[in-house]
Amino acid sequence: MDRPTLLQKVVEWLRAGYPDGVPHNDYIPLVALLRRQLTDDEVTQVSAELVRESPPPPEPISRIDTAVKISHYTRDLPHEDDISRVRAHLISRGWPFSDDPDGDDPDSADPDGNDPTDGDPS
């Protein structure tokens, strides 16, 4: 969906929900609902880029690297939901992920013991 169409749908939604205008107390909650989040395709793209940039042998992808990569797509601070989605995507494909800032979290490896060396994050 292109931006003008999306914006029009948002305006229509607001007008339907607030026919007399948006009360001042509702501005902040409404803006929070409209935050940018990664699409499913972007989750796959972010994961693939992180894997390509990861040094061999498969080093755990760090939470910090993930957050930085997400911010390149959203042009905003990454939301916890987006980090979790990328993390789940990587782990589901057997790639190690670390919640430790240094990337040394041994407990974050794939719980099934799958070998992440095939390098295919998609």
Side-chain angles (χ1 to χ4, degrees):
M1 181 181 303
D2 62 356
R3 287 183 188 215
T5 303
L6 176 64
L7 184 58
Q8 181 62 36
K9 292 209 176 280
V10 168
V11 170
E12 289 170 2
W13 176 74
L14 287 171
R15 286 184 178 150
Y18 296 98
D20 298 325
V22 178
H24 289 287
N25 292 346
D26 289 353
Y27 284 144
I28 300 293
L30 283 174
V31 170
L33 288 174
L34 298 174
R35 77 167 181 81
R36 167 77 161 88
Q37 67 181 32
L38 293 178
T39 64
D40 291 340
D41 287 341
E42 288 172 331
V43 168
T44 301
Q45 291 170 355
V46 166
S47 299
E49 288 177 24
L50 287 166
V51 166
R52 272 194 305 275
E53 295 168 5
S54 178
E59 293 290 325
I61 306 282
S62 78
R63 176 179 200 77
I64 293 171
D65 289 340
T66 302
V68 169
K69 186 63 70 180
I70 289 170
S71 70
H72 292 167
Y73 281 79
T74 61
R75 291 178 173 53
D76 201 356
L77 292 175
H79 194 272
E80 187 62 37
D81 291 344
D82 286 332
I83 294 172
S84 295
R85 290 174 59 215
V86 171
R87 179 185 196 277
H89 186 84
L90 289 166
I91 289 175
S92 74
R93 277 130 182 98
W95 202 270
F97 188 93
S98 176
D99 287 317
D100 183 50
D102 297 327
D104 297 331
D105 183 4
D107 297 328
S108 62
D110 183 21
D112 298 327
N114 294 329
D115 184 8
T117 57
D118 67 14
D120 183 14
S122 51

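The analysis underlying the following values was restricted to heavy atoms, covering all of them including side chains, and did not include hydrogens, waters or symmetry mates.
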query = Does a donor on one side chain and an acceptor on the other come within less than 3.5 Å for Gln8 and Glu12?
reply = yes
query = Under 3.5 Å, is there a donor-acceptor pair between the side chain of Arg85 and the main chain of Leu38?
reply = yes
message = So, taking the atom named CG in Leu90 and the one named OG1 in Thr44, what distance separates them when rounded to the nearest 0.5 Å?
response = 10.0 Å
inquiry  = In the structure I gave you, are the side-chain heavy atoms of Pro78 and Tyr73 within less than 4.5 Å of one another anywhere?
reply    = no
message = To the closest 0.5 Å, what do you measure between CD (Glu49) and CD (Gln45)?
response = 7.0 Å
query = Side-chain contact, heavy-atom cut-off 4.5 Å: Lys69 with Glu53?
reply = yes
ask   = Any side-chain heavy atom of Thr66 within less than 4.5 Å of one from Arg87?
value = no
query = Within a strict 4.5 Å, meaning less than it, do heavy atoms of the Asp76 and Arg36 side chains meet?
reply = no
query = Which heavy-atom pair separates Ala16 from Pro19 by the least distance, and what is that distance?
reply = O-CD, 3.8 Å
Whether Ser54 side chain and Glu59 backbone form a donor-acceptor pair below 3.5 Å = yes
inquiry  = Is there a side-chain contact between Val46 and Leu50 in this structure, where contact means two heavy atoms from C-beta onward sitting under 4.5 Å apart?
reply    = yes
ask   = CG of Asp82 to OG of Ser71: how many Å apart, nearest 0.5 Å?
value = 11.0 Å
